There are 2 protein chains.
Amino acid sequence: MPVLTGIPHDPEDGDSPMHQPNDAQPQKVDRRVQRTRQQLHRALMELILEKRYDKITVQDIIDRADVGRSTFYAHFLDKNDLFEQGLQLLGQDMHDHAADAHDEDHVVHSLSFFRHGQENRDMYRAMFDGGGGDFLLELGRRHIVADIEEHLAQQGSSDRGGIGGTPPNVVAQFMAGAMMSVLTWWLREDRPVPPEEINEMYQKLAMSGLQSLR
Amino acid sequence: MPVLTGIPHDPEDGDSPMHQPNDAQPQKVDRRVQRTRQQLHRALMELILEKRYDKITVQDIIDRADVGRSTFYAHFLDKNDLFEQGLQLLGQDMHDHAADAHDEDHVVHSLSFFRHGQENRDMYRAMFDGGGGDFLLELGRRHIVADIEEHLAQQGSSDRGGIGGTPPNVVAQFMAGAMMSVLTWWLREDRPVPPEEINEMYQKLAMSGLQSLR
DNA sequence: CAGTTATCGAACAAAGTGTTCGATAGCCAA
DNA sequence: TTGGCTATCGAACACTTTGTTCGATAACTG
């Protein structure tokens with residue numbers, strides 16, 4: 001009775017056969033399933049570039065994707081579910097890019113963010129304007145917070161608990177928020193400076209704060 | 001034919017008699033109108049504390065407020081309109097508090113934010129969790145950006161254009177994002193440190209960046 | 001008090017949501 | 001190639017929510 005093999009719907013019940021179990025076991029997914037999901041993701045992304053996210057209906061999506069209504073609900077819980085899963089793919093994409101990059105010795109691999117933003121500018125802007133920005137911000141922030149906390153954990157291992165009186169997670173939140181804010185502002189610019197340049201500004205502020213401006 | 005005297009629905013057509021014209025001219029508003037609006041604002045805020053913002057319907061609101069359906073739409077365009085206008089009231093509230101405070105010589109009057117957050121913690125948290133966080137973040141960010149840009153404009157008037165190579169609006173975005181991120185994180189904490197303490201951390205990071213942690 | 005104006009409330013069309021189910025087409029392994 | 005399995009289709013459905021309309025009623029203001 002496999003109903004749609006390999007759907008991550010319920011995070012519990014651990015007998016789902018398709019969930020990329022542990023190691024790199026290819027695990028074949030029915031072509032039809034692949035095609036359907038891809039169509040839906042593509043359709044949503046296209047629509048996001050055309051109208052506000054919160055004005056997009058499930059009907060719009062399945063029309064564009066040319067997929068049956070019931071099929072949609074066989075794959076995703078609702079529109080948000082589709083969107084979030086799509087974002088995760090994006091997140092992975094960025095993470096892969098970041099792996100190559102190796103921003104010299106910067107604390108945050110911030111350049112990757114700006115470069116990824118550069119390449120996907122239209123989509124990002126559409127998302128932020130359309131009411132889907134919440135998800136995106138949260139996702140980005142989680143990435144950065146993890147990044148920074150790891151970094152701080154390494155070099156700050158001597159000062160256990162708090163570094164200079166400021167707990168690592170506060171620092172992480174601070175930097176992540178700053179990063180996302182600068183990023184979204186930069187994405188909205190009409191004639192934006194290149195990613196390397198905005199990254200330099202961010203790094204300067206992150207390292208020395210306002211003091212660097214005197 | 002005055003249809004609901006003094007409704008800000010259409011920002012154009014400047015003959016609306018109730019719009020607090022320019023100076024401090026009291027301008028009487030029909031008691032019924034005041035009562036209705038107040039009821040609706042109160043109802044929404046109550047509901048926000050009970051369930052996710054995006055799951056609240058207009059029906060819920062008017063039931064709670066004990067107001068007719070048509071009356072609701074006579075006052076507000078929709079749920080978001082009501083919410084945003086409610087936030088503006090909050091924003092004014094905070095701004096008034098901030099006026100008293102005079103955070104010593106800090107660049108941002110950040111303590112006001114943390115104090116205001118302290119007092120309205122439940123409501124803020126509910127908003128951020130419920131999908132209404134977008135509005136709130138934007139509102140807070142606008143406040144801060146204005147605050148910082150003003151500050152920088154004063155002392156940085158000598159360096160016209162960019163201060164130390166970093167444009168003022170980039171600095172403002174950086175600090176505003178950092179502020180809102182730390183604020184929301186702090187609001188979510190179970191046993192949060194007092195506002196003065198979190199404010200110190202923020203100020204330290206804002207002034208000296210990561211360098212201060214060495 | 002009299003005239004003005006906001007509110008009520010019921011009814012309405014329209015749009016969207018999420019589900020069901022039998023029939024069909026496509027896939028995969030043997 | 002075949003046989004069995006399974007994803008898709010698509011139409012129909014009940015349900016919720018939205019935003020509007022309008023005449024009757026109640027409340028406010030001067």
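Every value quoted in this text rests on a predicted model; they were computed, and no experiment measured them. In what follows, chains are A, B, ... by sequence order, proteins preceding strands, each numbered from 1.
Straight-line distance from the CD atom of B:Gln38 to the P atom of C:dA6: 18 Å, rounded to whole Å. Distance B:Leu77 CG to D:dT17 P: 21 Å, rounded to the nearest Å. Spacing between atom NZ of A:Lys79 and atom C1' of C:dA15 amounts to 14 Å, rounded to whole angstrom units. Atoms OH (B:Tyr53) and P (D:dT17) sit 15 Å apart, rounded to a whole Å. Atom P of nucleotide D:dT17 and atom CG of A:Asp54 are separated by 18 Å, given to the nearest angstrom. Between the CZ atom of B:Arg35 and the P atom of D:dA27 there is a distance of 9 Å, rounded to whole Å. In this structure, CD of A:Gln39 is placed 17 Å from P of D:dA7, rounded to the nearest angstrom. When rounded to the nearest whole Å, the span between OH of A:Tyr73 and P of C:dG16 equals 11 Å.
Annotation: cation-pi geometry not satisfied between B:Lys79 and B:Phe72 (NZ/CZ under 6.0 angstrom from ring centroid, within 45° of ring axis).
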Could you list the protein-to-nucleotides 9-13 of chain C atom pairs, N/O on both sides, closer than 3.5 Å?
| unit_1 | atom_1 | unit_2 | atom_2 | d |
| --- | --- | --- | --- | --- |
| C:dG9 | O6 | B:Ser70 | OG | 2.6 |

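At least one side-chain heavy atom of A:Asn80 sits less than 4.5 Å from a side-chain heavy atom of A:Tyr53.
Listed pair B:His75 / C:dT7 meets the phosphate criterion, a side-chain N or O lying under 4.0 Å from OP1 or OP2.
For the residue pair A:Arg42 / A:Gln39, a side-chain donor-acceptor distance below 3.5 Å is found, with atom types taken as modelled.
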- Task: Assess whether side-chain contact (heavy atoms from CB on, under 4.5 Å) is satisfied between B:Met201 and B:Trp186, documenting all intermediate values.
- Result: CA-CA 12 Å; B:Met201 299 184 199; B:Trp186 177 67; over 6 Å; no
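With DNA chain D read from its 5' end, the first of the two nearest nucleotides for B:Val58 and B:Arg32 is the one closest to B:Val58. With DNA chain D read from its 5' end, the first of the two nearest nucleotides for B:Thr57 and A:Phe72 is the one closest to A:Phe72.
Set against D:dT8, D:dC9, C:dC27, the side chain of A:Asp30 has C:dC27 as its closest nucleotide.
The minimum heavy-atom distance between A:Val182 and B:Val170, with the atom names listed, is CG2-O, 4.3 Å.
In this structure, A:Phe174 and B:Phe174 have perpendicular ring planes: the angle between them is above 60°, well past the 30° mark.
With sequence neighbours left out, B:Gln34 forms a side chain to side chain donor-acceptor pair (under 3.5 Å) with no residue at all.
Contact of B:Arg31 with D:dT29 (side chain to base): no donor-acceptor pair of N or O atoms is detected under 3.5 Å.
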